[in-house]
Amino acid sequence: MFKGEVDSLKQKLTEADLNLSVVMKSQQHQQQNNLKLKNPLITASGTCGNGKELADFFDINQLGAFTTKGITVKPQAGNKTPRIAETAAGIINSIGLENPGVDSFIKDILPETKNYSLPILANISGYSKEDFITLAEKLEKREEITGIEVNLSCPNIKGGGMIFGTDPEKVYQITKKVREIYSGYLIVKLTPNITDITETALAAENAGADAVSMINTLSAMKIDIDQQKPLLANTFGGLSGPAVRPVAVRMVYQSFKKLNIPILGLGGVRSGSDVIEFMLAGAAAVGIGTVNMIDPTAGPRIIGEIKEYMLKHQIKNLSSIIGAAH
Amino acid sequence: MFKIIANREVGPGIFQLVLNYDQLPQNPEPGHFFNIKVSQDGSEDPLLRRPFSIFDFDAAEKKIEFVYRVIGKGTKILSNLENGTELDVLGPLGTPFSLNKSGGSIHLIGGGMGIAPLYYLAKKLKSSRQTLYLGAANKAELEFFEEKFKGLGVECHLAAMEEKLEIRGSALVLWLNYLEKNTPDYIYTCGPEKMLAAVEKEALKHNIGGELSVEKRMGCGIGVCLSCSCESRDQDQKNKRACVEGPVFGLGEVILSV
């Protein structure tokens, strides 16, 4: 029996009755460490700048949480251009983690986030275990941020990123180190460029991650047939957008029963229906990424669409559908 | 809401798109661009919007004009849209040309569709003595623009790669023929990046200031994705986003690909 049907036998729900909030539990077994979201929408790193770009279009406090653009220990200029290619229902990017470095992030970017009342998650990337340690140390006790997302899956930087994310042992080691240092909410972002994502997801859980996010982009390329050369200056990039969504939903579904920690599902979400699909597969929260590049006001629109679904199916608590497709 | 009131071919594969709008967050300035969703009815292909520099603007009539060339899937779809079609349009976006050089002698140098942002600019710079150096593949591609600029009283010099007009060659070569004897106070240029780099080099060599508008492959157009980053020439400065700090840059401000 579909969960919504139970509720529908009772009095008909109106919009005021709907509860979109979700709680992403922490492994640290203390309630104050849980990540409480007023709705499951979390911006995906690197698709929303650092808040103020989207804030021109709507009040970003309407979202569940905000993830900042990935930062590294030192400033990075990023890859050469072209950095983006388009493909059917998707884009391939190779930005290469252009960012001002963690010190400038703390000095210049974090103070701006004080204007927001929603939880801020800082996405961090590194080339070595030591990089992640440095980043965790610098961000520990920063009251502006509620948590960090450890990017073990960037396909666009050499000698780091995805290389860690494809090896469960390395995922375990880095996560464990970061966990020892960082006391806030800890999310590990996983790559789909692997045979079995549940292995790296479990490694993150066993090392103490509070949650995993999946998926980062799929390694991809496009060739300019007139120039007869790769279109991206970096040759390879990461595929995102609606094209990858079925892959991401499958991976969330596959991981849900094996994990005891919550999943932040993301990949090609464009609408409320897509958010629902991820949640039914087992995601406790859902990332919105590429869609922000096309529709800067996608966040509030999607929240409206989720409410429509809840009313249609008479679902009072959105969190009740997490994993319901199993 | 934006509605198509004209979308007609004005040269081989070159279209003039005129939109009627209800309201805009601000009136566009020359050099601003708009990001147009070309896919219709929720289609996800193509996924990204297409950025177009403003060609002309009329606040009284609530009209915005663009001129574009059909190159790929997105512009092909756009060219098939009929009058009355409502479009999802974001803008004005980016940093426009500065108009404070008005009054002196100005050269406008356009290569191919790089002409697009220069027309509204020329209109706004009416008090200046303006000369246009425009290059394209052939005469047919240039006729529409020649007529428009002549209508503003701008002196036009035309070059084509496939046939001899004033010269057979590029806008750059054409412009260089005049640069020494008719040195301007300021220049504005738009076109392929290689052309911009060459124009910039010559202008700086002659101590002429100016601005250029880059044509970069963009993702979002609003500064979040960093697809269109341009490297600053000043090593101490951060990369500049073509969609926010640009597409208009001062000569020598960013490193152009050659």
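As the structure is a computational prediction, the values presented were derived from the model and not from experiment. The figures that follow rest on heavy atoms only: side chains count, while hydrogens, waters and symmetry mates do not. The sequence lines fix the lettering, A, B, ..., with proteins before strands; numbering per chain opens at 1.
- Within residues 73-84 of chain B, no residue has a heavy atom under 4.5 Å from a heavy atom of chain A.
- Ranked by heavy-atom pairs under 4.5 Å with chain A, the first of B:Leu90, B:Asn35, B:Asn239 is B:Asn239.
- Here the closest heavy-atom approach between residue A:Glu98 and residue B:Ser229 is recorded as OE1-OG, 2.5 Å.
- There is no side-chain donor-acceptor pair under 3.5 Å between B:Lys238 and B:Ser232.
- When all heavy atoms of A:Ala44 and A:Leu266 are compared, the closest pair comes out as CB-CD1, 3.6 Å.
- Heavy-atom distances place the backbone of B:Ser43, and not its side chain, under 4.5 Å from chain A.
- For the pair B:Glu215/B:Pro247, no side-chain contact is recorded, criterion being any heavy-atom separation below 4.5 Å from C-beta on.
- For a residue to count as touching a neighbouring chain, one of its non-hydrogen atoms must lie under 4.5 Å from one of that chain's; by this rule A:Leu231 touches chain B with the side chain only.
- For A:Ser240, the side-chain hydrogen bond (donor to acceptor under 3.5 Å, both in side chains) criterion is met by A:Thr290, not counting sequence neighbours.
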Hey, mind stepping through B:Phe52 and B:Phe34 against ring pair (Phe, Tyr, Trp, His ring centres under 6.0 Å) and telling me if it holds?
CA-CA 5 Å; B:Phe52 298 99; B:Phe34 285 76; over 10 Å; no

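- Between chain A and the residues B:Asp88, B:Val244, B:Asp45, the most heavy-atom pairs under 4.5 angstrom are made by B:Asp45.
- Under a 4.0 Å N-O distance rule, the pair B:Glu253/B:Lys240 qualifies as a salt bridge.
- Residue A:Lys52: no heavy atom, backbone or side chain, is found under 4.5 Å from chain B.
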Walk me through whether B:Tyr120 and B:Phe55 qualify under ring pair (Phe, Tyr, Trp, His ring centres under 6.0 Å).
CA-CA 6 Å; B:Tyr120 186 44; B:Phe55 179 76; 9.3 Å; no

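- Heavy atoms of A:Asn292 lying under 4.5 Å from chain B belong exclusively to its backbone.
- Ion pairing between a basic and an acidic side chain is recognised when a charged N comes within 4.0 Å of a carboxylate O; A:Arg301 and A:Glu305 show such pairing.
- Counting only distance, with no hydrogens or angles, the side chain of A:Asp295 and the backbone of A:Val291 share no donor-acceptor pair below 3.5 Å.
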Check step by step if side chain to side chain donor-acceptor pair (under 3.5 Å) holds for B:Glu211 and B:Ser98.
CA-CA 8 Å; B:Glu211 290 161 44; B:Ser98 66; 2.3 Å; yes

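- Looking at A:Thr47, the atoms closer than 4.5 Å to chain B (heavy atoms on both sides) all sit in the backbone: N, CA, C or O.
- Among the residues in residues 102-122 of chain A, none has a non-hydrogen atom closer than 4.5 angstrom to a non-hydrogen atom of chain B.
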Listed pairs under 3.5 Å, donor-acceptor, residues 18-31 of chain B side chains, sequence neighbours left out:
| unit_1 | atom_1 | unit_2 | atom_2 | d |
| --- | --- | --- | --- | --- |
| B:Asn20 | ND2 | B:Glu61 | O | 3.3 |
| B:Asn20 | ND2 | B:Lys62 | O | 2.8 |

Working for salt bridge (Lys or Arg N to Asp or Glu O under 4.0 Å), residues B:Lys216 and B:Glu193
CA-CA 9 Å; B:Lys216 270 277 189 226; B:Glu193 210 159 315; 3.5 Å; yes

